[in-house]
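Right, one structure below, let's go through it.
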Amino acid sequence: KKFNVISWSSFLIDLNKSKTELYQNIDKHSGRKNIERSIKRNVIIEEITDESFSDYINLLNKQRQADGTEIVDKEKMHIWWKTFRPIGLSGFLAKHEGELVGGMMFSFFNKYIIEALVVRSSKDYLNKLYSQDLIKWNIIEWGIKNQMNYYDLAGVNPNPTSKKEIGILRYKKKWGGTKYNYHLLRN
């Protein structure tokens, strides 16, 4: 009686499909076009390493500070990274002209990728570099190469109540995954 049941959804991309089919499933105008724009604007994607993880944390904290949310403890984040990386944690960084403009972490336990901790710089946003789209495509390619089964785009409100939630739903839907509904319990 102390919990609320909340409808929630996620989109799963089946990574057993061909790379060509997965790319064609992405919305042409807001997905594939943004990936191509990002490439043309010379955005470079690289996998996060032990050495570059600090750069990721710095960008994450810069974004959180700008958003007015609590910054993360760098030492705890490094412990988290070193503990879980060997058993299924990775991520990608996006750079433009040598400057970090975006990043995304993901876990890949049991051949199942789920994204987390998305970060985007103001430069990426203002210059329309679309680094998040290119990162997401690189995660899909990584998943295919490493024989993962699914890429879970993480939860989304299936009944958006704000402009932000509408945008998140539209963004996740454009990747062509299958929508699955479920429920959350919150107190």
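The structure displayed is predicted, hence computed values, not measured ones.
Between Phe108 and Trp142, the distance separating the two ring centers is shorter than 6.0 angstrom.
Side-chain contact between Ile35 and Ile26 is present, with heavy atoms from C-beta onward closer than 4.5 Å. No side-chain heavy atom of Phe92 sits less than 4.5 Å from a side-chain heavy atom of Met105. In this structure, the side chains of Lys179 and Lys173 stay at 4.5 Å or more apart for every pair of heavy atoms. Contact of the Asp50 side chain with the Lys82 side chain is registered, since non-hydrogen atoms from C-beta on lie closer than 4.5 Å. Side-chain contact check for Leu185 versus Val5: some heavy-atom pair is nearer than 4.5 Å. Between Lys128 and Arg41, the closest side-chain pair of non-hydrogen atoms falls below 4.5 Å.
Rounding to the nearest 0.5 Å gives a distance of 12.0 Å between OG of Ser54 and CG of Leu60. The distance from the CG atom of Asn34 to the NE2 atom of His29 is 11.5 Å, given to the nearest 0.5 Å.
Cluster membership check: Tyr171 shares its hydrophobic cluster with Phe11, using side-chain heavy-atom separations under 4.5 Å among Ile, Leu, Val, Met, Phe, Trp and Tyr.
Comment: Arg64 does not engage Glu70 in a salt bridge, judged by the lack of any side-chain N to carboxylate O separation of less than 4.0 angstrom. The pair Asp133-Lys33 fails the salt-bridge criterion, with no side-chain N (NZ, NE, NH1 or NH2) lying under 4.0 Å from an Asp/Glu carboxylate O.
Checked against side-chain contact (heavy atoms from CB on, under 4.5 Å), Leu184 has the following partners two or more places apart in sequence or in another chain: Ile6, Trp8, Tyr182, Arg186.
In this structure a side-chain-to-backbone donor-acceptor pair under 3.5 Å is missing from Ser52 to Ile48.
Using a 30° and 60° split on the angle between ring planes, Phe109 and Phe84 fall in the perpendicular class, above 60°.
Screening Tyr23, Tyr151, Trp175 for a ring-ring contact (aromatic ring centres under 6.0 Å, His included) with Trp137, the sole residue that qualifies is Tyr23.
Donor-acceptor pairing under 3.5 Å is recorded for the side chains of Asp152 and Tyr112.
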Applying side-chain hydrogen bond (donor to acceptor under 3.5 Å, both in side chains), run through Asn58 and Lys74 and close with a yes or a no.
-> CA-CA 8 Å; Asn58 290 338; Lys74 291 180 182 183; 2.8 Å; yes

